[in-house]
*Asks:* 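My questions will all concern the structure given below.
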Amino acid sequence: MGMNNMFDLYNIRSNFPIFNQPDLPPLVFLDNASTTQKPTQVLEAVNQFYCRYNANVHRGIYKIAEQATEAYESVRDKVAEFIGTADRRNIVFTKSTTESINLVAYSWARKFLKTGDEILVTEMEHHSNLVPWQLAAQHTGATLKYIPLNKSGSLDMSSPERYFTKNTKLVAISHQSNVLGTINSVKEIIGYARDVGAKTLIDGAQFVPHSKLDVQNLDCDFYVFSGHKMMGPTGVGILYGKADMLETMDPFLGGGDMILSVTMEKAIWNDIPYKFEAGTPNIAQVIGLGAAIDFMKNMNIDSIDSQVRMLTSTAVSRLREIKGLTVLGHENGIDSTSVISFFHKDIHPHDIAHLLDTFGISVRAGHHCAQPVMDKYDLSASVRVSFYVYNTIDEIEQLISGLQKTMEYFR
Ligand code: 7TS
C-alpha cells in the first residue's frame with residue numbers, strides 16, 4: 001500500500017456527511033453488508049443532475065436531455081470497464097440484485113427450462129438467489145438441487161459429480177456469503193457447470209463492493225450486484241449477461257424505451273441492453289453509481305480489499321477472545337472477509353443488537369435473509385457485523401467493549 005492510499009484511508013471518513021454530524025453522537029456503523037454509507041461525491045453527482053440537467057434519457061432532442069443521456073450511458077461504459085468486459089451491451093441497469101436475478105428467472109429460466117431440468121444452488125444463498133428459482137421451478141417443472149454447506153463455513157465440493165449432472169441447466173451461486181463472509185471458488189464451480197453444459201449466474205452483491213471482479217476471466221453467463229452496497233444510491237442494480245444469452249431472452253417488463261416499433265398487434269424489441277430497460281430508469285441513481293465507481297477507483301480496489309480484510313481478521317480474533325461467543329465460519333484456510341456472524345450461548349441476538357444500539361453501534365440480528373444457513377447451525381438468528389473501508393480499529397474496540405457491557409447487563 002503506497003503512502004497515497006494510506007493518506008486516503010486515514011482521511012476517508014471526512015468524505016461521508018453521515019459520519020460528520022456535530023449535533024449527534026458518533027455513528028458506529030457495522031451493517032455494511034446491508035447497505036453502505038454515501039460519500040459527498042455521490043450525493044453531489046445526484047444533486048448536480050437534478051439541479052443542472054434533469055431530463056429524461058433516450059428521447060430528448062434538446063441540450064439537457066442529451067446531457068442526461070450521455071451521463072447515464074457513460075456509467076454503462078464505466079461499469080463495463082470496472083467489471084472487466086469490453087462490451088457495453090453486456091450491462092443492464094435494474095433496480096437491485098434482486099431484480100437482476102428475477103429478470104433472469106423470468107426471461108431466461110421460464111423460457112428455456114422444462115420438467116426434469118435441474119437448477120443447482122447452494123445452502124448459503126441469500127433468499128433473493130433462492131426464491132426466484134423456486135418460483136421458476138414451480139412454473140417449469142424443473143427441480144432445485146443444493147450444494148451443501150459445511151459447518152466450517154465453506155461449500156462441500158467433495159463429490160461434484162453428485163450435483164453437476166447432464167440435467168443441470170443452471171448453476172446459481174453467491175460469490176460471497178452475506179452471513180459467513182465466505183468467498184466461494186466460483187471459477188472452479190463455473191468450470192464444473194461448463195463441463196455439463198449448464199449456464200451460470202453469480203450473485204456478487206457482497207463481493208463486488210470490496211474486490212476486483214473480472215467477468216471475462218470468470219466466464220460466467222450472468223453476474224449480478226447492487227450499487228447501494230458499494231457507496232452508490234439505492235435503486236440501481238446491475239445485470240451483466242453475455243450478449244448471446246441476452247439476445248435469446250424475451251423482455252422482462254414491457255413499456256417505453258424497450259421497443260423499436262409498436263403496432264396495435266405487436267412490438268419489435270429494442271437491441272440489448274435496452275430491451276431490458278423498460279420505462280424511465282433511475283437516471284439520477286445510475287449517475288450517482290458512476291461517482292461511486294470513480295471513488296472506488298481513486299481509493300484503489302486492492303486497498304479497499306486489504307483494509308476490509310485487516311478489519312475483519314482483527315475483529316474475528318477479538319470476538320473469539322470473548323467467553324461464551326461463537327463466531328460462525330472464518331476457519332483457517334477458508335477465504336472469508338467483511339462479514340462476521342456470531343452468537344452468545346445465553347443472550348438472544350436481538351438483545352445484543354438492541355443493547356449495542358444504545359451504545360451507538362449499529363449491527364444486524366436475525367436470519368439475514370438466508371434461513372438455510374441458520375438451519376445448518378441450528379440457530380434461528382445470529383448477530384452480524386460487516387465492515388466497509390471507512391470503518392476503524394477503534395470502532396472494533398467499541399464493539400468489543402459494548403459486548404462486554406452487554407454481557408455484564410445480562411449476567
Ligand atoms: N444477494 C446477496 C448475497 C445479498 O447479500 C443481498 C442483500 C442480496 C442478494 C439482495 O440485494 P438487494 O440489493 O437486491 O437487496 N443482502 C442484505 C443483507 O445481508 N442485509 O440486508 C440486505
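Below, all heavy atoms of this structure are taken into account, side chains as well, without hydrogens, waters or symmetry copies. Whatever order the structure lists them in is the order used to number ligands and atoms, beginning at 1.
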*Asks:* I'd like to know if Lys405 pairs up with Glu408 as an ion pair, taking the criterion as any Lys NZ or Arg NE/NH1/NH2 lying under 4.0 Å from an Asp or Glu carboxylate oxygen.
*Replies:* no
*Asks:* Does Asp394 form a side chain to side chain donor-acceptor pair (under 3.5 Å) with Gln398? I'd like the steps, not just the answer.
*Replies:* CA-CA 6 Å; Asp394 180 58; Gln398 292 184 53; 3.0 Å; yes
*Asks:* Return the closest protein heavy atom for atom 9 (C) of ligand 1 as residue, atom name and distance.
*Replies:* Ser128 OG, 3.0 Å
*Asks:* Are any of the N/O atoms on His228, whether in the backbone or the side chain, positioned under 3.5 angstrom from an N/O atom of ligand 1?
*Replies:* yes
*Asks:* Do the side chains of Lys242 and Asp244 get close enough for a salt bridge, i.e. N-O under 4.0 angstrom?
*Replies:* no
*Asks:* Where is the nearest protein heavy atom to atom 21 (O) of ligand 1: which residue, which atom, and how far?
*Replies:* Arg364 NH1, 3.3 Å
*Asks:* Report the part of Lys229 (side chain from C-beta onward, or backbone N, CA, C, O) that has a heavy atom under 4.0 Å from ligand 1; answer both or neither where that applies.
*Replies:* side chain
*Asks:* Which protein heavy atom lies closest to atom 11 (O) of ligand 1, and at what distance to 0.1 Å?
*Replies:* Thr97 CB, 3.6 Å
*Asks:* For atom 19 (O) of ligand 1, what is the closest protein heavy atom, and at what distance to 0.1 Å?
*Replies:* Arg384 NH1, 2.6 Å
*Asks:* May I ask you to identify, for Ser34, whether its side chain, its backbone, both or neither come under 4.0 Å of ligand 1 on a heavy-atom basis?
*Replies:* both
*Asks:* Is the gap between the ring centers of His58 and Tyr274 under 6.0 Å?
*Replies:* yes
*Asks:* I'd like to know if Arg384 and Asp31 make a salt bridge, using a cut-off of under 4.0 Å between side-chain N and carboxylate O.
*Replies:* yes
*Asks:* Check this for me - ligand 1, His368, N or O atoms closer than 3.5 angstrom, yes or no?
*Replies:* no
*Asks:* Starting from atom 5 (O) of ligand 1, find the nearest protein heavy-atom neighbour and note its residue, name and distance.
*Replies:* Gln206 NE2, 2.7 Å
*Asks:* Nearest heavy-atom pair of Phe387 and Ala315: which atoms, and what distance?
*Replies:* CZ-CB, 3.5 Å
*Asks:* Please state which protein non-hydrogen atom is closest to atom 1 (N) of ligand 1 and give its distance, to 0.1 Å?
*Replies:* Asp203 OD2, 2.5 Å
*Asks:* State the OG-CG distance between Ser338 and Asn178, to the nearest 0.5 angstrom.
*Replies:* 10.0 Å
*Asks:* Walk me through it: do Thr69 and Glu66 pass the test side chain to side chain donor-acceptor pair (under 3.5 Å)?
*Replies:* CA-CA 5 Å; Thr69 304; Glu66 280 169 10; over 6 Å; no
*Asks:* Among all protein non-hydrogen atoms, which one is nearest to atom 14 (O) of ligand 1, and what is the separation to 0.1 Å?
*Replies:* Thr98 OG1, 2.5 Å
*Asks:* Which of the atoms in ligand 1, numbered in the order shown and given with their element, are less than 4.0 Å from a heavy-atom of Asn178?
*Replies:* 5 (O), 18 (C), 19 (O)
*Asks:* Would His354 and His348 count as a close aromatic pair, with their ring centres under 6.0 Å?
*Replies:* no
*Asks:* Is the contact between His175 and ligand 1 made by the side chain, the backbone, both, or neither, using heavy atoms and a 4.0 Å cut-off?
*Replies:* neither
*Asks:* Please report which non-hydrogen protein atom sits nearest to atom 4 (C) of ligand 1, along with the residue it belongs to and the distance in Å to one decimal place.
*Replies:* His126 CD2, 3.5 Å
*Asks:* So is Ser174 touching ligand 1 or not, going by heavy atoms under 4.0 Å?
*Replies:* no
*Asks:* Ignoring hydrogens and geometry, is there a side-chain-to-backbone donor-acceptor pair from Lys199 to Lys169 under 3.5 Å?
*Replies:* no
